[in-house]
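Note: hydrogens, waters and symmetry copies are ignored here, and every other heavy atom, side chains too, is used. Each ligand, and each atom within it, is numbered from 1 in the order the structure gives. The structure presented is a predicted model; accordingly, all values stated were derived computationally and were not measured.
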Amino acid sequence: MAKAQETKKETRGFETEAKQLLHLMIHSLYSNKEIFLRELISNASDAADKLRFAALSNPKLLGNEEPSVYIDFDTAKSTITISDTGIGMSRAEVINNLGTIAKSGTAQFFEKLTGDEQKDSQLIGQFGVGFYSAFIVADKVEVLTRRAGRPAKEATIWKSKGEANYSLEVGEKPEPGTQITLFLKDDEKEFASGFRIKSVIKKYADHIAIPVYMPVEAAPESQAPDADQNQNDESTTTDPGYEIVNDAKALWTKPRAKVKKSEYNEFYKHISHDFQEPLTWSHNKVEGKLEYTSLIFLPSRAPFDLWNRDAARGLKLYVQRVFIMDEAEQFLPLYLRFIKGVVDSNDISLNVSREILQKDPVVDSMRSALTKRSLDMLDKFRKKDREKYTEFWSEFGQVLKEGPGEDFGNKDKIAKLLQFNTTESKEDKQDQGLEDYLGRCKADQDKIYYLVAESLSAAKSSPHLEIFKKKGIEVILMTDRIDEWLMGHLTEFDGKQFQDVARGQLDLGKLDSKKEKSKQKSVEEEYASLVERVSKLLDSRVKEVRVSHRLTDSASCLAVDDNDMGLQMRKIMEASGQSVPETKPILELNPSHPLVTRLDKEQDEERFGDIAVVLFGQASLAEGGQLSDPADFTSKLNKLLLQIN
Ligand code: ADP
């Protein structure tokens, strides 16, 4: 039954998402059409890599020829044909690879599309367009492919006009590999020119490690149609009429000085499927006990699936120039998952598997060296271009913040790379580093003060900042979900302790004068009885009531006890379904606020209770928290308001 299915011609519909992608591709990438060639050559090169890898365990798979790509064109017929001698595809693989989009998170990605072609073309670059980019210039595409190891008669022909359907037929192909023919649209005929194609290859595919061949032409600018010359395109034997048109050398094997910036850029795009240029890179050859070459890149934009836990990450692994696997995640820690690149080792065995990689001590040493290398690259980049680094930070900062908790050994190095909003930030950007903070802090200041809040606006208006504003002490404002967790792992920087301004008793150390300290003591004594009365009243809701030294304008605020869990952490834990132990906040009252002095003098027990509950409620609200009994709060507040005359 399955056999019969495989031999007959059939027409299939594209999966919904593939259809959407095709539509977008055709309508939004018009300003950068020539990239189709880059994408198809990139695929051909990957296919050659995969064949070489498969041949390690089955040398018979390698055909008569070195892996290579041929590009032919027919000006009269307006076609371009890209043939490779790579791994090829079976019928099932064709259906899977060219009829669907097998990327995790695709559905969520498509939800983000706006319908605005300009914006969507940006997004689509982030997604990676690949094979479908053929339809930017072609109104019909035919693929003839044969999986290496399968008989010549088991080739598959895939045809599509890029609309809703594609057809499949059984074909014949003497050599394994894939041949893709593009029937150019009327207004894209200019691409059927040797000169045009060669210039695109120079620009985008020079770095491709396998040779790219094109027919030799009399003169490079010759546009003369010579239909006969390419009639035997389907043959993949080396034709004396072909010449290599790219550099054909694995880019990372070349010395740094010999590689141009544009070549690094294009190589990055090839391995990352990103459209944007990388922000920076680091290319290193290591010799000695271990021998390997690494080329790592810092992308400028987060991929669409950065937050998807199963998303692909890791480096492309080569062993002695032979491609072994994509996404070898053992070479970098999770908090550096945004780094892209290749690593080519001379010490790892050619028949290594993912499982073996996990246990290999060589891989462990490489991982720690590559981690340092990546952190150094970030440090250097940050020093060189702070503005661009801040852009990088807004894309990937939250990932890097996972670092201190994950990689104890590099905690200090990572801490130097962190950026935050602070009370001194000019813009609402996380643009200040810890060294910047220390550079500005007061001579007597022995702590690094920070505040964790739900949002930047909540942070800025937090009552906890009042005393710091008054004294002109800078406070770091933390508003990312991960921040409280991060601060659980970061206790000090450059010899100074971190201090959450909403946690514990506020002690400004030497920043408070002796006089201020003794005044605080006498105020505490003065209000001892008020504190006791309020404590009794709110006993079930608060852990403690005390006089506050951090407030200037607000009447009350909540503080977290030293070892208790903060609000943000509590929310994260609850959201992930974990049970969180009940903790009560500390209520602090501002002795210089008229409402508090009024409360102190209040004789009417009922009114005393009402005011105390309102002060407690206000403090919870200022925290971005929720009232435990909103109806009770409102009725008490209204009762008090009605007493105004
Ligand atoms: P990507 O390359 O990002 O995976 P593409 O849409 O370009 O996405 O290709 C989808 C899949 O089709 C590839 O992952 C590969 O398995 C297969 N493919 C594409 N081109 C070729 C080719 N020339 N030879 C063999 N397989 C190919």
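The shortest N/O to N/O separation between Ile180 and ligand 1 does not fall below 3.5 Å. On a distance-only criterion, Tyr132 and ligand 1 share no N/O pair closer than 3.5 Å. Geometrically, ligand 1 and Asp46 share no nitrogen or oxygen pair separated by less than 3.5 Å.
Shortest non-hydrogen contact noted between His270 and Ser42 is ND1-OG, 2.6 Å.
Within the 4.0 Å heavy-atom criterion, the part of Met89 lying near ligand 1 is the side chain and not the backbone. Under 4.0 Å from ligand 1, not a single heavy atom of Leu40 appears. Contacts of Lys50 with ligand 1, taken as heavy-atom pairs under 4.0 Å, involve the side chain alone. In Thr178, the part holding a heavy atom less than 4.0 Å from any atom of ligand 1 is the side chain.
Between His283 and Tyr264, the ring planes lie perpendicular to each other; the angle is over 60°, past the 30° to 60° tilted range.
Taking the ring centre of Phe275 as origin, the terminal cationic atom of Arg38 falls inside the region bounded by 6.0 Å and 45° from the ring axis.
For the residue pair Asn246 and Tyr204, no side-chain donor N or O sits within less than 3.5 Å of a side-chain acceptor on the partner.
Residues Leu334 and Arg313 meet the side-chain proximity criterion, which asks for heavy atoms closer than 4.5 Å. At a threshold of 4.5 Å between non-hydrogen side-chain atoms, the residues Leu370 and Leu315 count as touching.
When the heavy-atom distances from atom 9 (O) of ligand 1 to Val94, Asn96, Asn43 are ranked, the shortest goes to Asn43.
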